[in-house]
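This report refers to the structure that appears directly beneath it.
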Amino acid sequence: MTRRTVAVVGGGCAGVLATRELLRGTDDRVVLIEPDEPGGGLAYGSARPWHLLNSRAGAMSADPDDPGHFARWAGCSPDEFRPRAEYGRYLRSVLPSSERLDVRRARAAGLTATGVRLADGTEVRAESVVVATGNPAAAQPAARPDHPDYIGDPWAKGALDAIPSDVPVLLVGAGLTAIDVALTLTASDRDAPITAVSRRGQLPLTHTEVAAPPVGLALDDCATLRDIVRAVRAEAARAGDWRAVVDGLRPYLDELWTAFTPDEQEAFLRHLARPWECHRHRMAPSVGARIARLREEGRFEVRAGGIRSMTAPAAGGLLVELEAGVQWFGAVVNCAGPGRLPEAAGSFVGSLLTAGQARVGPHGLGLDIDPAGRLIGADGRVQQDRWLIGPLRRGARWETTAVPEIRSQARGLAIPVG
């Protein structure tokens, strides 16, 4: 039998785990297409020493069959929260050394009938393609100006280094990206305050030092989203630690999500998604303690509301109209979460949509897939041997952004689908 070639587009966490499983579980030749060093990606490639994983080491193994693999590699307790840059090194270490692996340091521009078209005009010929490009681009505020003091991408090289330490800074968004930016801006002597603004003004909550065992939840009698919310709240009150209930729900989230009606999904996104994210994606204890100190010292403030306008005075900086009034900031940093498709599609995913090789999934959160994870084209047909793993499954699925789910998806790539 002729050996297949599989092209994996994207060398972050999802791409590395997909490549690893294909090399371990099949005889395929794999071409990993990534312009930067594999294992970095947005999450790990730009991380500073003070940026920690938001999950315990015990949850971060690359191997579905060996949950303790990362903790042993790092020489730490499963309960520890390790540096994100270290996890990037770990991902590079788990890429097998194989004559069947070709790491192509290039940017993918689109798909062809016979493989992947690269930005330089050449082609990687492949019978199968795995799209593992990570999250859509961040949402941008409607009032954003075209101005050097507005930073649309805090992860761009040197973007935060250019902000003077003596000017107030506004962060658009109050999620984990805003936490990372606040930690970076306050890593050196900074007296000027930082303000984070979001619609709800809610920060991520904090992990406990030691995890409580997950608490199972009986949902058999729950017929609607409202029923599930009531059951979760009641169980959290009984359990004493809501984290155990949230963690116990995790294995069932995709099943619950796909059982919701489209209207229930939309209601969840409108009213419950942000509170859920605050409870589900939590800060490491030391990070939570650092943020609490910054708030007590008046160096970090969180406000609820939106941005009505941004204008650029001649003297520099930006005048921002918030709900409480107009305020001057020396810099405004966009820390919003992923935007909706098609607007937030990167160049590669955008090319798939333009060519009809993929279509936008439910609610614009990602791309549409069949139950096995294969892309669905604009004509509604399943794209055979065109696979999707990672955050762009969101919408069709819900729990698809964290390592345990991505490594399970990666394992599924090595199992033939009829």
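Residues: numbered from 1 along the sequence shown.
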Checklist line | Pair His69-Val94, side-chain contact (heavy atoms from CB on, under 4.5 Å): steps then yes or no | finding: CA-CA 10 Å; His69 186 266; Val94 300; 3.9 Å; yes
Item checked: Cys278 side chain reached by Leu203 side chain, heavy atoms, under 4.5 Å -> no
Checklist line | 4.5 Å side-chain heavy-atom contact, Leu185 and Ile163 | finding: yes
Notebook entry, point to check: Do Arg56 side-chain atoms and Glu209 backbone N/O form a donor-acceptor pair below 3.5 Å?
Noted result: yes
Check: Can you tell me how far CG of Leu367 sits from OG1 of Thr133, rounded to the nearest 0.5 angstrom?
Finding: 7.5 Å
Check: If you round to the nearest 0.5 Å, how far is CG of Leu171 from OG1 of Thr177?
Finding: 10.0 Å
Check: Can you tell me how far the CZ atom of Arg386 sits from the CD1 atom of Ile376, to the nearest 0.5 Å?
Finding: 15.5 Å
Notebook entry, point to check: Is there a donor-acceptor pair closer than 3.5 Å between any side-chain N or O of Arg407 and the backbone N or O of Ser61?
Noted result: yes
Next item on the list: Could you pull out the closest heavy-atom pair between Ala196 and Gly173, with the gap in Å?
Entry: CB-O, 3.7 Å
Next item on the list: Look at the side chain of Arg274 and the backbone N and O of Gln202, then say whether any donor-acceptor pair between them is shorter than 3.5 Å.
Entry: yes
Next item on the list: Determine whether Val6 and Val129 make a side-chain contact, defined as any pair of heavy atoms from C-beta on separated by less than 4.5 Å.
Entry: no
Check: Can you tell me how far the CZ atom of Arg411 sits from the CD atom of Glu21, to the nearest 0.5 Å?
Finding: 4.0 Å
Next item on the list: Using a 4.5 Å cut-off on heavy atoms from C-beta on, say whether the side chain of Cys13 contacts that of Val403.
Entry: yes
Next item on the list: Kindly indicate whether the side chain of Val197, heavy atoms from C-beta on, has any atom under 4.5 Å from the side chain of Ile307.
Entry: yes
Next item on the list: Assess the side chains of Ser55 and His281: does a donor N or O sit below 3.5 Å from an acceptor N or O?
Entry: no
Next item on the list: For the pair Thr258 and Arg397, evaluate side-chain contact (heavy atoms from CB on, under 4.5 Å) and give the outcome as yes or no after the intermediate values.
Entry: CA-CA 7 Å; Thr258 54; Arg397 303 291 182 268; 4.3 Å; yes
Check: Is there a donor-acceptor pair closer than 3.5 Å between any side-chain N or O of Asp254 and the backbone N or O of Trp398?
Finding: yes
Note to self: Counting neighbours of CZ on Arg226 that are heavy atoms of other residues, nucleotides or ligands and sit closer than 6.0 Å, is the number greater than 12?
What the structure shows: no
Notebook entry, point to check: Do Leu253 and Trp257 have side chains that get closer than 4.5 Å, going by heavy atoms?
Noted result: no
Note to self: Quick one: does any side-chain atom of Arg144 pair with a main-chain N or O of Pro141 as donor and acceptor, under 3.5 Å?
What the structure shows: yes
Check: Taking all non-hydrogen atoms of both residues, which atom of Ala396 and which atom of Pro362 are closest, and how far apart?
Finding: N-CD, 3.8 Å
Check: Out of Asp153, Leu160, Asp149, Val172, which one pairs with Val333 under the side-chain contact (heavy atoms from CB on, under 4.5 Å) rule?
Finding: Leu160
Next item on the list: Kindly say whether Pro338 contributes a backbone atom to a donor-acceptor pair with the side chain of Asn135 at under 3.5 angstrom?
Entry: no
Margin query: Between Asp36 and Arg107, does any NZ, NE, NH1 or NH2 come within less than 4.0 Å of an OD or OE carboxylate oxygen?
Written below: no
Next item on the list: State whether a side-chain donor-acceptor pair under 3.5 Å links Asp120 with Thr122.
Entry: yes
Next item on the list: Could you check Trp276 against Leu249 for side-chain contact (heavy atoms from CB on, under 4.5 Å), going step by step and ending with a plain yes or no?
Entry: CA-CA 11 Å; Trp276 170 258; Leu249 265 180; 4.1 Å; yes
Next item on the list: Answer yes or no: is there a side-chain heavy-atom contact under 4.5 Å between Leu52 and Arg82?
Entry: no
Item checked: NZ/NE/NH1/NH2 to OD/OE distance under 4.0 Å, Arg250 and Glu399 -> yes
Check: Salt bridge or not for Glu277 and Arg394, using N-O below 4.0 Å?
Finding: yes
Item checked: Residue Arg105 excluded, over 12 heavy atoms near CZ under 6.0 Å -> yes
Check: What orientation do Phe70 and Trp73 show, parallel under 30°, tilted 30 to 60°, or perpendicular over 60°?
Finding: parallel
Note to self: Could you go through Glu301 and Arg303, starting from their C-alpha distance and side-chain angles, then the distance that decides it, and tell me whether this counts as salt bridge (charged side-chain N to carboxylate O under 4.0 Å, His left out)?
What the structure shows: CA-CA 7 Å; Glu301 177 189 10; Arg303 298 184 193 175; 3.1 Å; yes
Next item on the list: Provide the closest heavy-atom pair for Arg290 versus Thr186 in the form atom of the first, atom of the second, distance.
Entry: NH2-O, 3.1 Å
Check: Has the side chain of Arg340 got a donor or acceptor atom that lies under 3.5 Å from a matching backbone atom of His363?
Finding: yes
Next item on the list: Might you confirm whether atom CG of Asp161 has over 12 heavy atoms from other residues, nucleotides or ligands at distances under 6.0 Å?
Entry: yes
Notebook entry, point to check: For the side chain of Ser93 and the backbone of Tyr90, is there at least one donor-acceptor N/O pair under 3.5 Å apart?
Noted result: yes
Notebook entry, point to check: Nearest heavy-atom pair of Arg190 and Val167: which atoms, and what distance?
Noted result: NH1-O, 2.8 Å
Note to self: Counting only heavy atoms not in Glu255 (residues, nucleotides, ligands), do more than 12 fall under 6.0 Å from its CD?
What the structure shows: no
Notebook entry, point to check: If you measure from CZ on Phe260 to CG on Leu225, what distance do you get to the nearest 0.5 Å?
Noted result: 4.5 Å
Next item on the list: Classify the side-chain pair Thr112/Glu123 by whether it contains a donor and acceptor separated by less than 3.5 Å.
Entry: yes
Notebook entry, point to check: Quick one: does Pro83's side chain get under 4.5 Å of Arg89's, heavy atoms only?
Noted result: no
Notebook entry, point to check: Do Asp180 and Arg48 meet the salt-bridge criterion of a basic N to acidic O distance under 4.0 Å?
Noted result: no
Next item on the list: Answer yes when Arg238 and Glu235 have at least one side-chain N-carboxylate O distance shorter than 4.0 Å, and no when they do not.
Entry: yes
Margin query: Does this structure show an ion pair linking Asp247 with Arg280, if we count only N-O contacts that are shorter than 4.0 Å?
Written below: no
Checklist line | NZ/NE/NH1/NH2 to OD/OE distance under 4.0 Å, Arg359 and Asp379 | finding: no
Note to self: Check this for me, if you would: do Arg92 and Glu37 make a salt bridge, where the nitrogen-to-carboxylate-oxygen distance has to be below 4.0 angstrom?
What the structure shows: yes
Notebook entry, point to check: After noting the C-alpha distance and the side-chain angles of Leu256 and Leu219, does the key distance pass the side-chain contact (heavy atoms from CB on, under 4.5 Å) rule?
Noted result: CA-CA 10 Å; Leu256 293 172; Leu219 299 175; 4.0 Å; yes
Next item on the list: Check whether any side-chain N or O of Trp387 sits under 3.5 Å from a backbone N or O of Ala132 as a donor-acceptor pair, and report yes or no.
Entry: no
Check: Relative to each other, are the rings of His51 and Trp155 parallel, tilted or perpendicular (30° and 60° limits)?
Finding: perpendicular
Next item on the list: Assign the ring pair Phe81 / His207 to parallel, tilted or perpendicular, where the plane angle (0 to 90°) is split at 30° and 60°.
Entry: tilted
Check: How far does CG of Leu170 sit from CD1 of Ile194, to the nearest 0.5 angstrom?
Finding: 10.5 Å
Notebook entry, point to check: Just by modelled atom types, is the Ala139 backbone N or O under 3.5 Å from a matching donor or acceptor in the Asn334 side chain?
Noted result: yes
Notebook entry, point to check: At their closest point, which heavy atom of Val116 faces which heavy atom of Ala108, and how far apart are they?
Noted result: CG1-CB, 3.8 Å
Check: Which heavy atom of Arg282 sits nearest a heavy atom of Trp242, and at what distance?
Finding: CD-CH2, 3.5 Å
Margin query: Any carboxylate oxygen within less than 4.0 angstrom of a Lys/Arg side-chain nitrogen, looking at Asp63 and Arg20?
Written below: yes
Notebook entry, point to check: Any chance the side chains of Glu264 and Thr224 put a donor and an acceptor closer than 3.5 Å?
Noted result: no
